[in-house]
Amino acid sequence: MNVARLAVGFVVGVVLLAGGTAAAQDLAKIVTKADVEKAAGAKFKDGWKPMPTQMSFAQEGGDLQISVDVEPREASSTVRGWEATIKKMEPTTKVDTVAGVGKDAIYHSTRADNGALSADFDKPRIQLRVSIAGAKDEAPAKQIVVDLAKAIAPRVK
(Lines give C-alpha, C1' and ligand atoms only; values in the text may rest on other atoms or scores of the structure.)
Protein backbone atom coordinates (compact mmCIF):
# COMPACT_ATOMS: atom_id res chain seq x y z
CA MET A 1 0.00 0.00 0.00
CA ASN A 2 2.84 2.41 0.74
CA VAL A 3 4.32 1.68 -2.70
CA ALA A 4 0.96 2.54 -4.32
CA ARG A 5 0.76 5.82 -2.41
CA LEU A 6 4.33 6.63 -3.34
CA ALA A 7 3.60 5.93 -7.01
CA VAL A 8 0.47 8.09 -6.96
CA GLY A 9 2.39 10.88 -5.22
CA PHE A 10 5.14 10.67 -7.81
CA VAL A 11 2.66 10.90 -10.71
CA VAL A 12 0.85 13.85 -9.10
CA GLY A 13 4.18 15.58 -8.51
CA VAL A 14 5.25 15.13 -12.13
CA VAL A 15 1.91 16.48 -13.36
CA LEU A 16 2.17 19.50 -11.06
CA LEU A 17 5.72 20.21 -12.18
CA ALA A 18 4.80 19.93 -15.85
CA GLY A 19 1.78 22.20 -15.39
CA GLY A 20 3.73 24.57 -13.19
CA THR A 21 6.24 25.26 -15.93
CA ALA A 22 3.67 26.77 -18.26
CA ALA A 23 1.62 28.35 -15.51
CA ALA A 24 4.74 30.03 -14.10
CA GLN A 25 5.31 31.90 -17.34
CA ASP A 26 4.49 35.57 -17.08
CA LEU A 27 1.97 36.16 -19.86
CA ALA A 28 2.51 39.91 -19.61
CA LYS A 29 6.12 39.28 -20.73
CA ILE A 30 5.14 36.82 -23.47
CA VAL A 31 2.60 39.13 -25.10
CA THR A 32 2.42 42.88 -24.71
CA LYS A 33 -0.04 45.51 -25.80
CA ALA A 34 2.65 46.80 -28.20
CA ASP A 35 2.91 43.33 -29.80
CA VAL A 36 -0.86 43.22 -30.33
CA GLU A 37 -1.00 46.77 -31.71
CA LYS A 38 1.84 46.10 -34.14
CA ALA A 39 0.26 42.88 -35.44
CA ALA A 40 -3.24 44.38 -35.74
CA GLY A 41 -2.27 47.87 -36.88
CA ALA A 42 -4.73 49.34 -34.36
CA LYS A 43 -4.83 50.75 -30.84
CA PHE A 44 -5.82 48.42 -27.97
CA LYS A 45 -6.69 48.80 -24.32
CA ASP A 46 -4.33 47.33 -21.75
CA GLY A 47 -4.46 43.55 -21.56
CA TRP A 48 -6.15 41.64 -18.76
CA LYS A 49 -6.09 38.04 -17.57
CA PRO A 50 -9.56 36.43 -17.62
CA MET A 51 -7.82 33.18 -16.62
CA PRO A 52 -4.32 32.49 -15.27
CA THR A 53 -3.26 31.00 -18.63
CA GLN A 54 -4.84 33.69 -20.84
CA MET A 55 -4.16 37.32 -21.71
CA SER A 56 -6.85 39.27 -23.62
CA PHE A 57 -6.90 42.60 -25.42
CA ALA A 58 -9.82 44.72 -26.72
CA GLN A 59 -9.46 47.27 -29.49
CA GLU A 60 -9.98 50.90 -28.52
CA GLY A 61 -13.09 52.12 -30.34
CA GLY A 62 -13.38 48.93 -32.40
CA ASP A 63 -14.62 45.37 -32.40
CA LEU A 64 -11.38 43.36 -32.39
CA GLN A 65 -10.71 41.05 -29.46
CA ILE A 66 -7.40 39.18 -29.31
CA SER A 67 -6.50 36.51 -26.77
CA VAL A 68 -3.31 34.59 -26.12
CA ASP A 69 -3.39 31.33 -24.16
CA VAL A 70 -0.37 29.34 -22.98
CA GLU A 71 -1.28 26.01 -21.40
CA PRO A 72 0.51 22.78 -20.56
CA ARG A 73 -0.33 19.87 -22.85
CA GLU A 74 -0.08 16.12 -22.65
CA ALA A 75 2.46 14.48 -24.96
CA SER A 76 -0.38 12.93 -26.96
CA SER A 77 -2.32 16.22 -27.26
CA THR A 78 -1.18 17.98 -30.39
CA VAL A 79 -2.53 20.49 -32.86
CA ARG A 80 -3.02 17.60 -35.31
CA GLY A 81 -5.31 15.87 -32.81
CA TRP A 82 -7.17 19.15 -32.41
CA GLU A 83 -7.42 19.43 -36.20
CA ALA A 84 -9.04 15.97 -36.39
CA THR A 85 -11.53 16.94 -33.67
CA ILE A 86 -12.38 20.20 -35.42
CA LYS A 87 -12.95 18.40 -38.72
CA LYS A 88 -15.28 15.87 -37.04
CA MET A 89 -17.31 18.60 -35.34
CA GLU A 90 -17.45 20.94 -38.33
CA PRO A 91 -16.21 19.40 -41.60
CA THR A 92 -16.23 22.77 -43.41
CA THR A 93 -13.73 24.34 -40.99
CA LYS A 94 -10.71 25.77 -42.78
CA VAL A 95 -7.42 24.49 -41.34
CA ASP A 96 -4.04 25.63 -42.66
CA THR A 97 -0.56 24.61 -41.54
CA VAL A 98 1.53 27.57 -40.36
CA ALA A 99 5.32 27.37 -40.51
CA GLY A 100 7.65 29.17 -38.13
CA VAL A 101 5.69 28.85 -34.88
CA GLY A 102 6.71 26.14 -32.44
CA LYS A 103 7.07 22.49 -33.40
CA ASP A 104 3.81 22.42 -35.39
CA ALA A 105 1.07 25.02 -35.87
CA ILE A 106 -2.32 25.34 -37.53
CA TYR A 107 -4.69 28.19 -38.24
CA HIS A 108 -8.37 27.28 -38.01
CA SER A 109 -11.55 29.25 -38.59
CA THR A 110 -15.26 28.57 -38.92
CA ARG A 111 -16.24 32.18 -39.71
CA ALA A 112 -14.66 35.06 -41.59
CA ASP A 113 -14.67 37.32 -38.52
CA ASN A 114 -12.75 35.02 -36.18
CA GLY A 115 -10.01 32.41 -36.11
CA ALA A 116 -7.18 30.97 -34.07
CA LEU A 117 -3.64 29.74 -34.41
CA SER A 118 -2.69 26.80 -32.22
CA ALA A 119 0.97 25.78 -31.89
CA ASP A 120 2.75 22.95 -30.08
CA PHE A 121 6.00 23.46 -28.17
CA ASP A 122 8.05 20.64 -26.65
CA LYS A 123 10.33 22.46 -24.20
CA PRO A 124 8.31 23.09 -22.19
CA ARG A 125 5.46 20.92 -23.47
CA ILE A 126 2.79 23.55 -23.96
CA GLN A 127 0.31 24.76 -26.49
CA LEU A 128 0.12 28.39 -27.56
CA ARG A 129 -3.18 29.67 -28.88
CA VAL A 130 -3.64 33.10 -30.43
CA SER A 131 -7.25 33.91 -31.29
CA ILE A 132 -9.13 36.81 -32.82
CA ALA A 133 -12.78 37.82 -32.93
CA GLY A 134 -14.48 40.76 -34.61
CA ALA A 135 -12.30 40.95 -37.72
CA LYS A 136 -13.68 42.50 -40.88
CA ASP A 137 -12.56 39.62 -43.10
CA GLU A 138 -10.81 36.25 -43.02
CA ALA A 139 -7.50 37.31 -44.60
CA PRO A 140 -6.68 40.08 -42.11
CA ALA A 141 -7.83 37.90 -39.19
CA LYS A 142 -5.42 35.16 -40.20
CA GLN A 143 -2.57 37.60 -40.87
CA ILE A 144 -2.96 39.25 -37.46
CA VAL A 145 -2.83 36.01 -35.46
CA VAL A 146 0.02 34.57 -37.53
CA ASP A 147 2.09 37.76 -37.19
CA LEU A 148 1.40 37.95 -33.45
CA ALA A 149 2.18 34.26 -32.89
CA LYS A 150 5.48 34.56 -34.77
CA ALA A 151 6.44 37.65 -32.75
CA ILE A 152 5.77 36.08 -29.35
CA ALA A 153 6.72 32.43 -29.99
CA PRO A 154 10.42 32.97 -29.14
CA ARG A 155 9.35 34.17 -25.65
CA VAL A 156 7.47 30.96 -24.84
CA LYS A 157 9.78 29.07 -22.50
Side-chain angles (χ1 to χ4, degrees), residues 18-157:
T21 302
Q25 295 190 77
D26 185 353
L27 285 174
K29 290 182 180 175
I30 292 174
V31 60
T32 66
K33 177 179 157 183
D35 295 325
V36 172
E37 290 179 339
K38 183 176 180 182
K43 290 288 186 187
F44 280 77
K45 298 174 186 172
D46 289 338
W48 74 96
K49 290 175 78 173
M51 298 183 299
T53 59
Q54 182 181 59
M55 190 75 141
S56 294
F57 299 86
Q59 183 182 12
E60 285 185 13
D63 297 329
L64 283 180
Q65 300 277 331
I66 296 177
S67 293
V68 175
D69 300 76
V70 177
E71 297 181 337
R73 69 175 178 86
E74 298 294 322
S76 61
S77 297
T78 66
V79 295
R80 296 303 164 182
W82 179 231
E83 177 182 13
T85 301
I86 293 168
K87 289 290 190 175
K88 281 182 188 175
M89 291 171 40
E90 184 59 51
T92 61
T93 301
K94 294 179 183 180
V95 179
D96 298 319
T97 298
V98 177
V101 183
K103 178 183 176 182
D104 193 12
I106 60 173
Y107 176 81
H108 44 96
S109 176
T110 56
R111 298 177 6 183
D113 65 337
N114 67 33
L117 181 143
S118 298
D120 292 335
F121 290 79
D122 280 341
K123 293 180 182 179
R125 191 171 29 227
I126 60 160
Q127 193 165 92
L128 167 70
R129 183 170 186 269
V130 179
S131 59
I132 189 168
K136 302 240 183 270
D137 194 5
E138 183 178 349
K142 180 178 180 183
Q143 192 64 56
I144 290 167
V145 297
V146 169
D147 289 351
L148 182 56
K150 285 183 177 183
I152 66 175
R155 298 181 206 145
V156 176
K157 298 178 178 159

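Hydrogens, waters and symmetry mates play no part in the numbers below; they use all other heavy atoms, side chains included.
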Straight-line distance of Glu83 CD to Ser118 OG, nearest 0.5 Å: 10.5 Å
Whether Arg73 side chain and Phe121 backbone form a donor-acceptor pair below 3.5 Å: yes
Exercise: do Thr92 and Glu90 side chains pair donor with acceptor under 3.5 Å: yes
Point-to-point distance, once rounded to the nearest 0.5 Å, from CD of Glu71 to OG1 of Thr53: 4.0 Å
Side-chain heavy atoms of Lys33 within contact of Phe57, under 4.5 Å: yes
Salt-bridge criterion met for Lys38 and Asp147 (N-O under 4.0 Å): no
Spacing of CZ belonging to Arg125 relative to CG belonging to Asp120, to within rounding of 0.5 Å: 10.5 Å
Nearest heavy-atom neighbours spanning Ala149 and Leu117: CB-CD2, 3.7 Å
Nearest heavy-atom neighbours spanning Leu27 and Pro52: CD1-O, 3.6 Å
Shortest non-hydrogen contact between Glu37 and Phe44, atoms and distance: OE2-N, 3.0 Å
Inter-residue atom distance Lys43.NZ - Gln59.CD, 0.5 Å rounding: 11.5 Å
Option passing side chain to side chain contact (heavy atoms under 4.5 Å, CB included) with Leu128 (candidates Val68, Asp69, Val79): Val68
Interatomic spacing from CH2 in Trp48 to CE in Met55 - rounded to 0.5 Å: 10.0 Å
Heavy atoms from other residues, nucleotides or ligands near NZ of Lys87 exceed 12 (cutoff 6.0 Å): yes
Side-chain donor or acceptor of Thr32 paired with backbone N/O of Ala28 under 3.5 Å: no
Shortest non-hydrogen contact between Ile66 and Ala40, atoms and distance: CD1-CB, 4.3 Å
Carboxylate-amine/guanidinium contact Glu138 Lys94, below 4.0 Å: yes
Heavy-atom side-chain proximity of Val130 to Val31 below 4.5 angstrom: no
Expected output: side-chain Ser109 to main-chain Asn114 donor-acceptor under 3.5 Å: yes
Considering all heavy atoms, the nearest Val145-Ser131 contact: CG1-C, 4.0 Å
Separation between NE2 of His108 and CH2 of Trp82, rounded to the nearest 0.5 Å: 6.5 Å
Name each donor-acceptor pair under 3.5 Å that joins a side chain in residues 98-107 to protein atoms two or more places apart or in another chain, with its distance.
residue, atom, partner, partner atom, Å
Lys103, NZ, Asp122, OD2, 3.2
Asp104, OD1, Arg80, NH2, 3.0
Asp104, OD2, Arg80, NE, 2.8

Salt-bridge contact Asp35-Arg155 (side-chain N to carboxylate O under 4.0 Å): yes
Gly115 backbone acceptor or donor facing Lys142 side chain under 3.5 Å: no
